[in-house]
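This report concerns only the one structure given below.
Counting starts at 1 for both ligands and their atoms, following the listed order. Quantities reported herein were computed from a predicted structural model and do not represent experimental measurements.
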Amino acid sequence: MVIVKRRELTLAERLYLPEIGRALALSLRAMFRKRVTRQYPEEPLPTNEVTRGQPRLVVKDDGNIACVSCGMCEVACPAYAITIDGGETDRAIEREPKRFDIDMLRCILCGFCEEACPKDAIYMSDELELADFSRQALVYDIEKLKRPRSALQKRIDYVNKLNDRWRKPSSTR
Ligand code: SF4
Ligand code: SF4
């Protein structure tokens, strides 16, 4: 039989004082550490041209929508979030969507629509916030999706810069 000799605990140990002291020291250190939490919504997330927020449709400087309702983005969308009904316009060789909906509850902000568009008509904005009182209100129609080109210009320039890598001849890369 093995007899284990336990030492007698001191009064401080019996009152858990060393553990309390260590816990207080830990809390004190944490109080002066750099904060990693954000006071949202007073402190919104910082955004820039790399931010892949909700997709938006470009309105050209002449006031017309850049989309020609070709449906490429609708096909590319892995979340089946886009619904387009194309229509004719009075402008020569141009079409435009009569209906262009994006279900923001389905959208996963992947950016495939932006990559698929042959007309530079849809870009990922820096708009990240999404809140409403019904599911239907979060199906954005064409009017909710339209943004002037100037509002998306930083993202457009960024995407053009990325794509330039593939446009340049390999000897100059
Ligand atoms: S960002 Fe992705 S999921 Fe959202 S609409 Fe575009 S393709 Fe669909
Ligand atoms: S891919 Fe571009 S042009 Fe074609 S329907 Fe989508 S947004 Fe419009």
Practice problem: Classify the contact between I82 and ligand 2 as side chain, backbone, both or neither, using a heavy-atom distance cut-off of under 4.0 Å. | Solution: neither

Quiz item: What do we get for C67 next to ligand 2 when only non-hydrogen atoms under 4.0 Å count, side chain, backbone, both or neither?
Solution: both

Shortest protein heavy-atom distance from [atom], along with the residue and atom involved:
atom                    : result
atom 2 (Fe) of ligand 2 : C117 SG, 2.3 Å
atom 8 (Fe) of ligand 1 : C77 SG, 2.3 Å
atom 4 (Fe) of ligand 2 : C70 SG, 2.2 Å

Relative to the heavy atoms of [X], which atoms of ligand 2 are at a distance of less than 4.0 Å?
X   : answer
I84 : 5 (S)
V68 : 3 (S), 8 (Fe)
C73 : 1 (S), 5 (S), 6 (Fe), 7 (S)

Self-check item: 4.0 Å heavy-atom contact, A116 with ligand 2
Solution: no

Self-check item: Min heavy-atom dist P118 to ligand 2 below 4.0 Å
Solution: yes

Quiz item: In terms of side-chain geometry, is the basic nitrogen of E13 or R7 positioned less than 4.0 Å from the acidic oxygen of its partner?
Solution: yes

Exercise. State plainly whether the residues E114 and R52 are in salt-bridge range, i.e. N to O under 4.0 Å.
Key: no

Quiz item: Can you name the closest pair of heavy atoms from R167 and N160 and give their distance?
Solution: NH1-O, 3.7 Å

Contacting atoms of ligand 1, where contact means under 4.0 angstrom from a heavy atom of [X]:
X    : result
M124 : 1 (S)
C113 : 1 (S), 6 (Fe), 7 (S)
L109 : 1 (S), 4 (Fe)
I108 : 3 (S), 4 (Fe)

Exercise. Show your working on side-chain contact (heavy atoms from CB on, under 4.5 Å) between V58 and D120 and close with a plain yes or no.
Key: CA-CA 8 Å; V58 174; D120 298 339; over 6 Å; no

Quiz item: Is a side-chain donor-acceptor pair under 3.5 Å present for Q54 with R56?
Solution: yes

Quiz item: Have E129 and Y40 got a donor and an acceptor in their side chains that come within less than 3.5 Å?
Solution: yes

Just so I know, are the side chains of [X] and [Y] near enough to count as touching, which here means a heavy-atom distance under 4.5 Å?
X    : Y    : result
Y80  : R106 : yes
D101 : Y140 : no
C77  : F112 : no

Quiz item: Is atom NZ of K154 surrounded by more than 12 heavy atoms (other residues, nucleotides or ligands) closer than 6.0 Å?
Solution: no

Quiz item: Checking only N/O/S atoms, does C110 have one that is under 2.8 Å from atom 2 (Fe) of ligand 1?
Solution: yes

Self-check item: G111 touching ligand 1 at heavy-atom level, < 4.0 angstrom
Solution: yes

